[in-house]
S.K.: 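I am attaching a structure below and will ask some questions about it afterwards.
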Amino acid sequence: MLVLFTDFGLEGPYTGQMKAALLGEAPGVPIVDLCADLPPFDAQGAAYLLAAYQAYFPTGAVFVCVVDPGVGSARDAVIVEADGRHFVGPDNGLLAMVVRRAQSASAWRITWEPEHLSSSFHGRDLFAPVAAMLARGEAPPGEPLSPDTIDRKDWPDELARIVYVDRYGNLVSGHRAAGIDQAQTIAAGGRTIAHGDTFSAVPAGAAFWYANSNGLIEIAVNQGRADTELGLGVGAAFGIGS
Amino acid sequence: MLVLFTDFGLEGPYTGQMKAALLGEAPGVPIVDLCADLPPFDAQGAAYLLAAYQAYFPTGAVFVCVVDPGVGSARDAVIVEADGRHFVGPDNGLLAMVVRRAQSASAWRITWEPEHLSSSFHGRDLFAPVAAMLARGEAPPGEPLSPDTIDRKDWPDELARIVYVDRYGNLVSGHRAAGIDQAQTIAAGGRTIAHGDTFSAVPAGAAFWYANSNGLIEIAVNQGRADTELGLGVGAAFGIGS
Amino acid sequence: MLVLFTDFGLEGPYTGQMKAALLGEAPGVPIVDLCADLPPFDAQGAAYLLAAYQAYFPTGAVFVCVVDPGVGSARDAVIVEADGRHFVGPDNGLLAMVVRRAQSASAWRITWEPEHLSSSFHGRDLFAPVAAMLARGEAPPGEPLSPDTIDRKDWPDELARIVYVDRYGNLVSGHRAAGIDQAQTIAAGGRTIAHGDTFSAVPAGAAFWYANSNGLIEIAVNQGRADTELGLGVGAAFGIGS
């Protein structure tokens, strides 16, 4: 299975061109769009989402990960293998949390070069062909790296800020809920937000925080939009109180 | 064929996680995104759309239907078989019109339980695995129900309000056009709107109603946006005059 | 490979219904969404995008192309074969630039008629079944046309206006970059915009033009949105100075 995790958007031409490249090089391998609307340029936020989401995919899956404001610059292109899944992308922190949380990880700097490499679309020209090689069972086309170099030591283990707003206006954070007591509250946007078990457990219109289906702290409003009603969006930091 | 009919959005992580679940349990079965941007929480409006759209799919298709504001509450999860197609979803009215209009229908309350059921994402954890079982040809994993309990007796046969606004700004209703004379007019937003055969049959900028490609009454403006030009959106009721 | 190039949107019901039709008639042929959010009704702009994008697809690919404000009117439905790829769509100029730039091209007027043809959704009822026939290796179901009749002689070889705004706010034009010297500037919206090699080669916030990954002139702002910062959108014309 090939999995796309990008800020390219689904509708424009980029995701389609990625898929044509993948289908050409790894015919018959199913392709799943995990996320195509990651906040542009926010590699850090995406890193915490990726670490949470990837756990729900089968081992053997190959993730093509592109949030890459530095495309065309000197940043490396890398492959990570973590607990049986492969990840291909820029070495800008996007794969950092996958590496940090893995039981076992390996990494490679991609040395393979395509015949034609555009300066602005490494997703199509470089990452997709490399992911297709891995999906075909080939060895990583690069030189080994220490996984430690992929990690970002200065990033926290949990990211207490909003990293994604979903279609319902729910505010997804980069902070896991495990270890946070349900009696604790979230302080965000000048408000104190209590825990709720489910949407239907709080009154319509009430804000609450809960452990979302991927184990992350999420702030929501039952039958409302937390983003507009709380005035919060991607980048908003919060505190966890007691 | 597996068909997704949800309010999850395509771009965020939910549809991708659904597909990973389906691919894992029913490999090789094609997956079609019928609609991912149903108006959130509007199970009634979606019910009339589903009844119209499903007729264009082959028998044997399995629909995963999720517009589910009550996820996590006590509402049942059900399977419906109607005229050779299967539908999996919450028992909140979403499948009501499919049942009511079917020549023959059966229903089951889902009793199968996944190893891990999140409180907020039954689409991934419950409905997708059950749909995969049906796509593999297995028996419905539940106990038989009377299809009558799926129907909503208090809902009208035709829903004379807007239930979806498409990318062009066209206003799709839950009312079928069959049986409505072309001499009749629609009264909506303080205006009287006459019938037009096709977009190109009315002047640019003119509003008209017509039988859309799925048999529903739709209000459009030739080469314009009916939503903004008429000031109408999801939920707007209309009358049918003579 | 079947490729969808439309203004239907991905999320609403139209693309899904197209795919169900394609899967039914050409099972097993992969379907790629190249673009579903072409600016509505702008067949001319889409024609220049199609000519640029299609070159990155393998020979044998069959493109279903629909930007069709005249659906339901008397415009013809056509098939073009250009340099080994097939294109199915309305004869409204959408396929003009593919024909003009092809080394060799053939064309047919579609004479096949479906059992049921809706007046507003030829994509599902006519173009998809015909594309499926071609993908299955069947002969074009129509009568030969001179490719010259598909071309639009009054359209320029290069279109110096914005034809698409991508998710990042980058302004994609219908003008190829080949032959334009990097010393030349773009005059747009009252500003003079110089060339930049890559996003990372210009300061954050700076506007620049560059040859995008499909060979077209594109105007961007490094880590910003060119559309809002320059006040430009689809339809905006520009000059190329020296």
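Given the structure is predicted, the values throughout are model-derived calculations rather than measurements. Lettering follows sequence order; numbering is per chain, from 1.
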S.K.: For chain B, which residues from residues 139-147 of chain C lie under 4.5 Å away (heavy-atom distances)?
M.R.: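 Counting heavy atoms that sit under 4.5 Å from chain B, no residue of residues 139-147 of chain C is involved.
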S.K.: Name all residues meeting the side-chain contact (heavy atoms from CB on, under 4.5 Å) criterion together with C:P30; count only those two or more places apart in sequence or in a different chain, and write none if there are none.
M.R.: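 A:L23.
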S.K.: Fit a plane to each ring of B:W209 and B:H195, take the angle between them on a 0 to 90° scale, and name the class: parallel (under 30°), tilted (30 to 60°) or perpendicular (over 60°).
M.R.: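 B:W209 vs B:H195 ring planes: perpendicular.
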S.K.: For the interface with chain B, which of C:I31, C:T15, C:L38 has the highest count of heavy-atom pairs at distances below 4.5 Å?
M.R.: C:L38
S.K.: Select, from C:M18, C:R124, C:H116, the one with the greatest count of heavy-atom pairs under 4.5 Å involving chain B.
M.R.: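 Among the listed options, the one with the most contacts to chain B is C:R124.
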S.K.: Are the charged groups of C:D91 and C:R75 less than 4.0 angstrom apart, N to O?
M.R.: no
S.K.: With sequence neighbours left out, what residues match C:Y53 under side-chain contact (heavy atoms from CB on, under 4.5 Å)?
M.R.: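 Testing C:Y53 for side-chain contact (heavy atoms from CB on, under 4.5 Å), a comparison that skips the adjacent residues, returns A:P13, A:Q17, C:F5, C:L34, C:L49, C:N214.
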S.K.: Looking at B:Q184, I want to see if its CD is surrounded by more than 12 non-hydrogen atoms of other residues, nucleotides or ligands under 6.0 Å.
M.R.: yes
S.K.: For C:D125, is it the side chain, the backbone, both, or neither that has a heavy atom closer than 4.5 Å to a heavy atom of chain B?
M.R.: neither
S.K.: Would you call the rings of C:Y14 and C:F121 parallel, tilted or perpendicular, taking 30° and 60° as the class edges?
M.R.: perpendicular
S.K.: For chain C, which of B:T198, B:N212, B:N222, B:D37 has the most heavy-atom pairs under 4.5 Å?
M.R.: B:D37
S.K.: For B:Y56, which residues count as a side-chain hydrogen bond (donor to acceptor under 3.5 Å, both in side chains) partner, sequence neighbours excluded?
M.R.: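 B:Y56 satisfies side-chain hydrogen bond (donor to acceptor under 3.5 Å, both in side chains) with no residue once adjacent residues are dropped.
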